[in-house]
Amino acid sequence: MQEITDRIREEARRLLGEELVDVVIGYQQGWDETIATPCFAVQASQVDRLIFDERCTYNLARYLVGREGYLTSRFRPADEKPRVALVARPAAMRAIVGLIQEHQFKREDVYVLGIVDGTPVGIEPDVQVGQIQEDVAKQQEIRARIEELEALPASERWAWWRQEFTKCIRCYACRQVCPFCYCEECIVDENQPQWIGSSPLPRNNTSWNVIRAFHLVGRCINCGECERVCPVDIPLNLLNAKMAAEVEEVFGYVAGMDAEAVPALATFRVDDTDDFIM
Amino acid sequence: MQARLLPQGKLTELVNALIRDYEVIAPRDERSFARIDSAAEMDLRDEKPAMSLKEFFFPEREVLVSYRLGTSGVTLTEPSPDDAARVIFAARPCDAAALPILDPLFNWDYVDSSYVERRRNTAIVSVACDEPCDTCFCVSLGGSPAGTEGSDLLLTPLGSTYHVQIITERGGELVEQYAGLFEDSDEESERQRAQVEAASRSKIVKEVDIAGLDKTLDFHSPVWETVTQQCIDCGICTFLCPTCHCFDIQDEGSPDAGERVRIWDACTFYGYTKAHAGQPRPTHDRRYRQRIMHKFRYYPENFDRTLCVGCGRCITHCPVSIDLRQVLEAVKE
């Protein structure tokens, strides 16, 4: 891991020193030795803050997009778009692929300091700064949990999800941490008309969480950030992983694999299966 | 100090006795406090629940009025008052301390009757923290892992027994009500209690000096932009905070029948106080600044109290590990 840290610092020093980028987004030590937090290095003197190890899990692609994103900020004139280098774990690279597909920015807008784990990431990093182990156990666990839920009768499964959604406090951390939740105005914030009630009633919470899952169909790249940040431990990623599996089965499409591909739900083929229509 | 002792074996008995006579709220799991129907449902782990006690006084959703359109016009119904006698058991001293800080706000230019009613009907029995978390910094806000503010009784674990400090008249009445369970305290127990508190205090290693912040916090400081870069604008820090109290009012239902409700709102949300003219704080540095200025400057100016008890939830649960202690240090400079 120290090698990865060294490599990131070396690249960051070069990129900032030669003024090739304006900011390097990576990880730094957080409030104690067990915690990492995002780092925004803007000058060569700051690069020694950058670290990489097992604590550094956040999907930093989130900072590229949205109202205040580095590449899409509407508070900065278009000609002042900063040149950004991003320390990208595999999930962040897949997110970058999806965001390019959705025309949020172009591949050349972000300098990718990639960390690979052998899984496909859909883009060539500008520099590969390290290699980590794929978290196979975690993916297996997600599949096992989905299978477990699917074994339940639909009514029990629904009751289980309703119970989970009851816990929701509507802090929207799931949305805010998600690289794909970059909408100018989220449907849950619209109030003329108000599609989804704002108060944390079970019915409103269910609408919110289900609609968010639907909006991520064919887009979510399974970084798991929504589930990680949820303060009341709703297993949100199960919804997303299940929808991703459906999309793969029905359309043969996996998100975050090909920046040139048209996203599954943004296109139509006459031979698309329609057997899900009852 | 008025005090008694409660043998550890009697704790369950006390809680079950309370449940027979009161609505009892206690820590239920790592997520929240909740109403319990048996002492066995209580979870006395070291870590405090993610949610504070605030929801039991200032609920996340509260009906202000119900309406129904009938043939003879509109009928408005106010909710019946929440007047059940309650005991919050095993509160955290920091959560309890938050309530006297909020009292002047909810009794300010508008007296919030439902909050006031719930405060009046609720006794608070806190348990001193002997293992503070690494994000706790109550001592920096004038509190303590064994702080008494806001509590009616404070239990301090002394091994085989709990030291029970009687803080208020209501606390004294509770002890009298279940007098058979308690024993007299003695000098040795008092000494042990002080030791537990001192040991616990010494485990809080990261403090922040807030002296003078109410005068020096600078609205125009360039630091706000850098200290808030990580912020992703979610509501975790405000919703989990025992003192954050901003709310929104919404109408729910159909034109024929529905409810006007008060729900929690967060200054970290983009839509917070958005009006026709737009969003007064369009970027997250301004929103986060509002949160800090409100807690450490505006609230002290209005109510002479800092709007923070150092519970550390905003640090523990921040999705991107923003540390309020570090932010305060940075904005002071």
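Residue numbering restarts at 1 for every chain, and letters A, B, ... go by the order of the sequence lines.
- If you take CG on A:Asn191 and CG on B:Asp251, they are separated by 11.0 Å, rounding to the nearest 0.5 Å.
- For B:Arg325, the part lying near chain A is the side chain, with the backbone staying farther off; criterion is any non-hydrogen pair under 4.5 Å.
- B:Glu60 approaches A:Pro200 most closely through the heavy-atom pair CD-CG, 3.5 Å.
- The side chain to side chain contact (heavy atoms under 4.5 Å, CB included) with A:Trp31 is formed by just one residue from the set B:Asp134, B:Ile322, B:Leu324; it is B:Asp134.
- To the nearest 0.5 angstrom, B:Met51 atom CE is 12.0 Å from A:Lys167 atom NZ.
- Shortest non-hydrogen contact noted between B:Gln326 and A:Gly30 is NE2-O, 4.2 Å.
- For a residue to count as touching a neighbouring chain, one of its non-hydrogen atoms must lie under 4.5 Å from one of that chain's; by this rule A:Glu225 does not touch chain B.
- Of the two parts of A:Gln29, neither the backbone nor the side chain holds a non-hydrogen atom closer than 4.5 Å to a non-hydrogen atom of chain B.
- At least one side-chain heavy atom of B:Leu240 sits under 4.5 Å from a side-chain heavy atom of A:Pro231.
- Between the side chain of A:Arg228 and the backbone N or O of B:Pro319, at least one donor-acceptor pair lies under 3.5 Å.
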_With side chain to side chain contact (heavy atoms under 4.5 Å, CB included) as the criterion, how do A:Asp32 and B:Asp323 come out once you've worked through the C-alpha distance, each side chain's angles and the decisive distance to 0.1 Å?_
CA-CA 10 Å; A:Asp32 85 6; B:Asp323 183 344; over 6 Å; no
_Working note: A:Leu201 + B:Glu252, criterion side chain to side chain contact (heavy atoms under 4.5 Å, CB included); need CA distance, chi angles, decisive distance, verdict._
CA-CA 11 Å; A:Leu201 284 178; B:Glu252 294 190 330; 3.6 Å; yes
*Begin from the C-alpha positions of A:Ile169 and B:Glu55 and carry the test side chain to side chain contact (heavy atoms under 4.5 Å, CB included) through to its verdict.*
CA-CA 11 Å; A:Ile169 58 168; B:Glu55 61 180 302; over 6 Å; no
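- With sequence neighbours excluded, no residue satisfies ring-ring contact (aromatic ring centres under 6.0 Å, His included) with B:Trp224.
- Looking at B:Ala50, only its side chain comes within 4.5 Å of chain A, counting heavy atoms on both sides.
- Using a 4.5 Å cut-off between heavy atoms, B:Ile263 contacts chain A through its side chain alone, with no backbone atom that close.
- The contact between B:Ile315 and chain A is made by backbone and side chain atoms together, counting heavy-atom distances below 4.5 Å.
- Among the residues in residues 47-72 of chain A, those with a non-hydrogen atom closer than 4.5 angstrom to a non-hydrogen atom of chain B are A:Tyr58, A:Arg62, A:Tyr63, A:Arg67, A:Glu68, A:Tyr70.
- Taking B:Gly271, B:Ala266, B:Cys237, B:Ser321 one by one and counting their heavy-atom pairs under 4.5 Å with chain A, the maximum is reached by B:Ser321.
- Interface remark: of the candidates A:Ser198, A:Cys174, A:Cys171, A:Cys171 forms the most heavy-atom pairs closer than 4.5 Å to chain B.
- Atom CZ in A:Arg170 sits 9.0 Å away from atom CZ in B:Phe239 (nearest 0.5 Å).
- Contact annotation for B:Pro282: both backbone and side-chain heavy atoms come within less than 4.5 Å of a heavy atom of chain A.
- Options A:Thr37, A:Thr34, A:Asp233, A:Asp189 differ in how many heavy-atom pairs under 4.5 Å they form with chain B, and the most are formed by A:Thr37.
- How far CG of A:Asn204 is from CD of B:Gln250: 9.0 Å, rounded to the nearest 0.5 Å.
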